Amino acid sequence: MSNDKYNLSFPPNFLWGAACSATQTEGASLEHGKGKNIWDYWYEINPEKFFNNIGPKDTSNFYSMYKEDIKRMKEIGFNSFRTSISWSRLIPDGRGEINQEAVNFYNDVFDEFINQDITPIICLFHFDMPLAMQNIGGWENREIVEAFAEYAEQCFSLFGHKIKYWTTFNEPIVPVECGYLYEFHYPCVIDMKRAVQVAYNTAIASAKAIEKYKSLKQDGKAGIILNLTPSYPRDNENPEDLKAANIADLLFNRSFLDPAVNGKYPEELISLIKENDLIPVISDGDENILLNNKVDFLGVNYYQPRRVKAPSKVWDSNKPLMPEAFFDYYQWPERKMNKYRGWEIYEKGIYDIAMNIKNNYGNIPWYVSENGMGVQEEERFINNEDIIEDDYRIEFIKEHLIWLHKGISEGSNCFGYHIWTFMDNWSWLNGYKNRYGFFRVDIENNFKRSIKKSGLWFKKVAESNSLEISAK
Ligand code: NOJ
């Protein structure tokens, strides 16, 4: 054992920052001309579904506190930040009239980022379908694809001179799985065929938004944010386990990764969909839309791996088909857990993603757009100076950065690392249960923000563009 320390340096201009989303932080969800989205509506009809009955109405109040918040970001060394535009704030009915108050708000927010020298990365859709669009079928309806492309074009025209990094979607697989398979998002449907249609239309919507961006010839880049959960088989030597892991990868990762980056679906996925009678409605010309509108860059949200094994029994054909027909979940005996949340922590996953992108996706420029650790009841860890001592979060980030650094040093084209998230925020059905922020948000006390130990630690990493490691 020695006490020696050394530094891992990251590439010049590396992005350091965090991500959040409009619905999760803005608050003012029924004010300033905003239309309702599916979250406002779902909370209205089923408030009991939301942790502690807290809905999207007042989430963290970024709408009125953005100036101080952006200053706080600067104080802890951020040079970049991702958030989203709320479609239903900008265009209350999803299509048609623009809400001028929203234009003013987003202009002010973006100006503030730029004044503080923080590069904004702006996402167009983070789980928050305008209710008016959901009422006519949401992503199942091809009309919504057109509506989204129009909305995207509006955003590029209104804000493109300020925003140089756009992302079409955040985790597009999530509304598919949560909304059409597992009932965590409205409309709580369980139907794999409809889920496939939703996924397909979303991929086309993303490509169409990119097509609009290209046609405007602006001087930025357009990408997508995907949550990649590497699939690991129980046994690398067992063909049935390998098959199960491959199917999980096709369904949950490659269903968006391949069309977005390679401009086409994997043949194996197409066969799987055909064999199971899940083919979506496809329009003429879709193939070319995908092929001609690949993303310029990729954001990757990484939290945990997916460990699977061959299914233990044949799927009961009386039950609706689910992805779990093709694999069983598997608990790795050596797994390390986030005991506060019940998720496996597998830092090497970030390296495996880095190498997968390098080797199989043309080494496209990418960044870690979310990584982080949710913990309940963090008040337990408040010290005498009123700071939450979240050493577990520091450890989590550090270990992931070590693996990321290894991926970069082996040639993976990663240009940044963003944490989820800057301040504790509202997390859909989980409300404020799990806290992820560098800043604590006291929801009992006017959303007062206070720095955590991890925020102070991150400042050093970001400002020095390097990670200090103790030699073991
Ligand atoms: C993924 C999503 O982008 C975000 O909305 C969510 O709150 C975090 N991960 C944490 O679960």
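Numbering of ligands and ligand atoms starts at 1, following listing order. Since this is a predicted model, take the numbers as computed values, not measurements.
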Which is it for Asn170 and ligand 1 at heavy atoms under 4.0 Å: side chain, backbone, both or neither?
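Side chain only.
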Using the test side-chain contact (heavy atoms from CB on, under 4.5 Å), find all partners of Asn363 that sit at least two apart in sequence or belong to another chain.
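If we apply the side-chain contact (heavy atoms from CB on, under 4.5 Å) test to Asn363, skipping adjacent residues, the hits are Lys358, Ser412, Asn413.
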Mind checking what makes side-chain contact (heavy atoms from CB on, under 4.5 Å) contact with Leu456, not counting sequence neighbours?
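Partners of Leu456 by the side-chain contact (heavy atoms from CB on, under 4.5 Å) criterion, ordered by chain and then number, come out as Ile387, Ile451.
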Can you tell me which residue and heavy atom of the protein come closest to atom 11 (O) of ligand 1, and the distance to 0.1 Å?
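Answer for atom 11 (O) of ligand 1: Tyr436 OH, 3.5 Å.
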Note the single closest protein heavy atom to atom 9 (N) of ligand 1, along with its residue, its atom name and the distance in Å.
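Of every protein heavy atom, Glu370 OE1, 3.0 Å lies nearest to atom 9 (N) of ligand 1.
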At less than 4.0 angstrom from any non-hydrogen atom of [X], what atoms of ligand 1 do you find?
X	answer
Phe127	5 (O)
His126	2 (C), 3 (O), 4 (C), 5 (O)
Glu171	1 (C), 2 (C), 3 (O)
Tyr303	8 (C), 9 (N), 10 (C)
Ser427	7 (O)

Distance to the ring centre below 6.0 angstrom and angle to the axis at most 45 degrees; does that hold for Lys406 and Tyr351?
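Geometry flag: set, cation within 6.0 Å and 45°.
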Using the side chain to side chain contact (heavy atoms under 4.5 Å, CB included) definition, which of the options Leu298, Val295, Val300, Thr167 pairs with Leu226?
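Exactly one pass, corresponding to Leu298.
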If every non-hydrogen atom of Tyr417 is compared with every non-hydrogen atom of Asn371, which pair is closest and at what distance?
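Minimum heavy-atom separation between Tyr417 and Asn371: OH-OD1, 2.7 Å.
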Could you say whether the N/O atoms of Arg341 and ligand 1 ever approach to under 3.5 Å?
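Between Arg341 and ligand 1 (N or O atoms, distance only) the closest approach is not under 3.5 Å.
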Between Asp296 (side chain only) and Ala222 (backbone N and O only), is there a donor and an acceptor less than 3.5 Å apart?
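Judged by distance alone, yes, a pair lies under 3.5 Å.
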Matching residue for Tyr329 among Arg306, Lys309, Arg307 - test: side chain to side chain donor-acceptor pair (under 3.5 Å):
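Testing Tyr329 for a side chain to side chain donor-acceptor pair (under 3.5 Å) against Arg306, Lys309, Arg307 leaves exactly one candidate, Arg306.
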